[in-house]
Amino acid sequence: MQVLATKPPGAGGNPGADEAIMPRLKPWGIAMKTMSVILFAVLVAATSVHAAERVERSTLLVAGAKAGFQEARYGDDGKLAVHFEFNDRGRGPNLDAIYVLDAHGMPTSIELKGVDYLKAPVAETYTRNGDALSWKNASEDDKRTLAGSSFFLGLNQVPEDSILLARAALAAPEHKLALVPAGVASIHKLATVQVQGKDASRSVDLYALNGLNLLPDFVWLDQDQRFFASYSGWSTLIREGFEDAIKTIGDRQEQEEKRLAEARASELTRQLTSPLLIRNVRVFDPPSGEVVNGRAVLIDAGRIVSIGEADVSLLDGVEELDGGNHFLMPGLWDMHVHFTGGADGLLDLASGVTTVRDMANQVETLKALIDGIEAGKDIGPRIIRAGIIDGKGPFAGPTKVLVDNEKEALDAVKMYKETGHEQIKIYSSIKPELMPIIAKAAHEQGLRVSGHVPAFMTARQFVENGADEIQHVNMLFLNFMFDKVQDTRTPARFTAVAEHGAALDLSSPPVRDFIQLLKDRDIVVDPTVGTFEDMFLGRPGVPGPGFAAIVDRFPTTWQRQIRSGAGGLEMKPGQQALFRDSYQAMVNMVGVLHRSGVHIVAGTDNLAGMTLPRELELYVEAGIPPKDVLRIATSGSAEVMKRDGDYGRVAPGYVSDLILVDGDPTINMADIRKVRTTIRGDRLYDADALFRAVSIRPTPKQ
């Protein structure tokens, strides 16, 4: 079901996600990094080809550029044929669905074929005969007897499927409808606006569809309850001919989103207007690596005042919080996100993430999200901005900032500097000759330089030409596979490592020489190794281990997607062990880098907040001591971003970004999932309440 929502992790990812396979973060058709296929919705244009057929066409735009389309053909015999496709840097689904609809528009038969986001084959069928239901796909083969109306949720879907559900829910009693295999959907209208298309004006309604995602999904229908648009700040699917109406519907939808966000912020944020004394805690300060028992920490006006047996006699109106002998440490940093608002901010703070670095987004959209959070009208972490620059061409990333020559490159760097960005992220389609020009200009403006290694360059060349940081551990492996793959704009940057990574000797002279270069140049590596876990290990019916520790806490729709194993690379017969060994080599590389003195930062490029603990667990598996891992995710990240004088420590004078953990992650890293309280400066949050607000069960108590 895709109405530009947030997919389950493993289903497809964030709108701007790079290596997190798109079926990871936003639910329906992928496996949620998180994040999701890419954000898209449903189409409808009503053009009569002949009396027996109604053709509805929609255009998918990502970052303002056309990326795909959907065409739905409704016959008067109850049959519906839908084709949907989009291109995302060589990835993207290509699907055909045939439906048989009953007199009420409910599917009694569905046949879906094609390829998914990573081009793996898709074949799914569903039939209903009276009360007998059956369905089959790559990971499910099930039958059920069910009386009464219900709507089947395909494991893989085209966007039009969401519209069929929306119409069915509108026709159901109290606008509620049972879902198969599990769940209940409901729908209600929020607003009506008038829009102008190329040939006509139209009145359209905004609806909220509940029961599928962590927060309501929004969809626009016309007065005949046909699909009009599904909008987000990153991507929009809209009826063909009405592309100029995107701003109108976007502005109105954002009003509703802001209203809901303000209500959540008001309910879930406790503003600390007086000094707060947190008694009875075990304090962990990352730089020293020490855990000190039985301490009291006094904070006031967003800063730490003192640690120890605090003397509060000189302060008026001091509040007290019993820490319950919990583990108090600095808030975590996620150094690779694509922040989309909505549930992201709640998931971050509920998971103890108080600072994130956004690694590619729409400039205006991200600024609005940051402004809302800082004004207390939304909930979210502190956000550091890195601006993406890519080259023009068929594999360009989902961004408006595409450059083809030196002037365009310099203008892009200047724009990012002027809009508050602190880093430039170079992407895969940049011409190699422009990379050093961008790096030099960025450094002159005081900006860091990082990114994917551009196609037709090696990682060594990327470093030697001015990079400060490399995103994704697979880019390091590709440095030694230049004879096998040079064009890394496509999924070849995944498959080449999956097929050849196991053979790379991490102790060989070429690898040691390259790692020495990284150390000598003080290059930071953002490995996002967790994003590759389910990609390399998952297969239909056999999910990878990435979400094993948290899958039971998600809504049932997300659990199904995660457990399906969708979103993994297609494996040829006999490749399962090879892919596993290649993935283990990536994990091992992280440990080798750390022990060699290379600076690591912890980023997820996946589902907000909840996937960072797995990233940290993998660092421990790589042989990094837990205290060092926690340092990487706190003071080490603050140091990279030149904020270590204010953030990343539990020490007097530091910003009071703190988390209370029920356990001791210096002994068992899994305990980092047991955050009970998050303090972001002068705002306090109950983690359980944040999770419940986005339909996720809290972490179980000890």
Side-chain angles (χ1 to χ4, degrees), residues 16 18 63 89 335-336 357-363 366 384-393 395-472 475-476 478-479 482 486-489 493 513-527 593 598-601 603 637 639-644:
D18 354 299
R89 299 158 286 176
M335 292 285 275
H336 195 132
R357 183 177 62 176
D358 188 287
M359 294 302 295
N361 218 310
Q362 299 278 55
V363 173
L366 185 58
I384 298 169
R385 287 172 278 188
I388 186 173
I389 302 177
D390 202 8
K392 300 175 182 178
F395 300 106
T399 176
K400 297 177 181 178
V401 187
L402 303 174
V403 305
D404 200 38
N405 55 55
E406 181 174 350
K407 182 181 183 305
E408 292 175 344
L410 297 178
D411 288 346
V413 172
K414 180 181 178 184
M415 179 275 293
Y416 278 129
K417 175 65 175 180
E418 292 174 346
T419 51
H421 292 71
E422 301 178 33
Q423 186 163 330
I424 297 296
K425 177 183 177 182
I426 293 173
Y427 210 62
S428 302
S429 292
I430 284 290
K431 293 177 179 178
E433 61 267 26
L434 289 180
M435 186 264 148
I437 294 172
I438 294 172
K440 182 175 182 293
H443 289 152
E444 289 173 349
Q445 297 276 359
L447 304 176
R448 290 175 52 76
V449 177
S450 72
H452 289 203
V453 177
F456 311 107
M457 286 187 83
T458 66
R460 174 177 284 274
Q461 291 169 336
F462 190 57
V463 169
E464 291 173 341
N465 280 278
D468 302 302
E469 179 176 340
I470 296 176
Q471 265 70 55
H472 310 300
M475 291 291 165
L476 306 185
L478 291 169
N479 184 70
F482 202 61
Q486 297 182 15
D487 188 350
T488 55
R489 298 172 297 174
R493 67 175 178 265
D513 289 346
F514 176 64
I515 292 176
Q516 188 63 45
L517 172 70
L518 299 180
K519 180 182 178 181
D520 292 345
R521 296 288 184 97
D522 197 23
I523 303 301
V524 173
V525 175
D526 165 25
L593 291 170
V598 176
H599 200 139
I600 305 293
V601 293
S637 296
E639 179 184 345
V640 168
M641 300 314 300
K642 301 187 186 308
R643 284 169 166 76
D644 50 318

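The structure presented is a predicted model; accordingly, all values stated were derived computationally and were not measured.
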Just do the side-chain contact (heavy atoms from CB on, under 4.5 Å) check on Thr419 and Arg385 with the steps written out, would you? CA-CA 9 Å; Thr419 51; Arg385 287 172 278 188; 5.5 Å; no

Straight-line distance of [X] [atom1] to [Y] [atom2], nearest 0.5 Å:
X	Y	atom1	atom2	answer
Lys417	Leu447	NZ	CG	5.5 Å
Ser429	Ile389	OG	CD1	13.5 Å
Leu434	Glu406	CG	CD	8.0 Å
Asp404	Ile430	CG	CD1	9.0 Å
Asn465	Ile437	CG	CD1	10.0 Å
Phe456	Arg489	CZ	CZ	5.0 Å

So which heavy atom on [X] is nearest to which on [Y], and how close?
X	Y	value
Ala441	Leu410	CB-CD2, 3.5 Å
Lys440	Glu444	NZ-OE2, 2.6 Å
Thr458	Gln461	N-OE1, 2.9 Å
Leu402	Gly391	CD2-O, 3.7 Å
Ile426	Pro454	CG2-CG, 3.8 Å
Ile424	Ala442	CG1-CB, 3.9 Å

Between [Y] and [X], is there a side-chain heavy-atom distance shorter than 4.5 Å?
X	Y	result
Glu469	Val601	yes
Asn479	Phe462	no
Leu478	Met475	yes
Leu518	Val463	yes
Val524	Ser450	no
Val453	Thr488	no
His421	Gln445	no

Using side-chain hydrogen bond (donor to acceptor under 3.5 Å, both in side chains) as the criterion, point out the one residue from His443, Arg521, Arg448, Gln423 that pairs with Asp468. His443

Could you tell me whether a side-chain N or O of [X] sits under 3.5 Å from a main-chain N or O of [Y], the two making a donor and an acceptor?
X	Y	answer
Tyr416	Ile388	yes
Asn361	Leu366	no
Lys400	Gln362	no
Arg357	Met335	yes
Asp487	Ala455	no

Let me see the working for Ile523 and Val598 under side-chain contact (heavy atoms from CB on, under 4.5 Å), right down to the final yes or no. CA-CA 7 Å; Ile523 303 301; Val598 176; 5.7 Å; no

Evaluate whether atom NZ of Lys392 has more than 12 neighbouring non-hydrogen atoms of other residues, nucleotides or ligands under 6.0 angstrom away.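 Yes, enclosed.
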
Carboxylate-amine/guanidinium proximity below 4.0 Å for Glu422 and Lys642: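 No, this pair does not count.
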
Give me the ring orientation class for His472 and His452: parallel if the planes are under 30° apart, tilted from 30 to 60°, perpendicular past 60°.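 Aromatic pair His472/His452 classed perpendicular.
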
Could you walk me through whether Val449 and Ile438 satisfy the side-chain contact (heavy atoms from CB on, under 4.5 Å) test, starting with their C-alpha distance in whole Å, then the side-chain angles of each, then the deciding distance to 0.1 Å, before giving a yes or no? CA-CA 8 Å; Val449 177; Ile438 294 172; 5.5 Å; no

side-chain contact (heavy atoms from CB on, under 4.5 Å) between Arg460 and Asp513, worked out: CA-CA 10 Å; Arg460 174 177 284 274; Asp513 289 346; 4.2 Å; yes

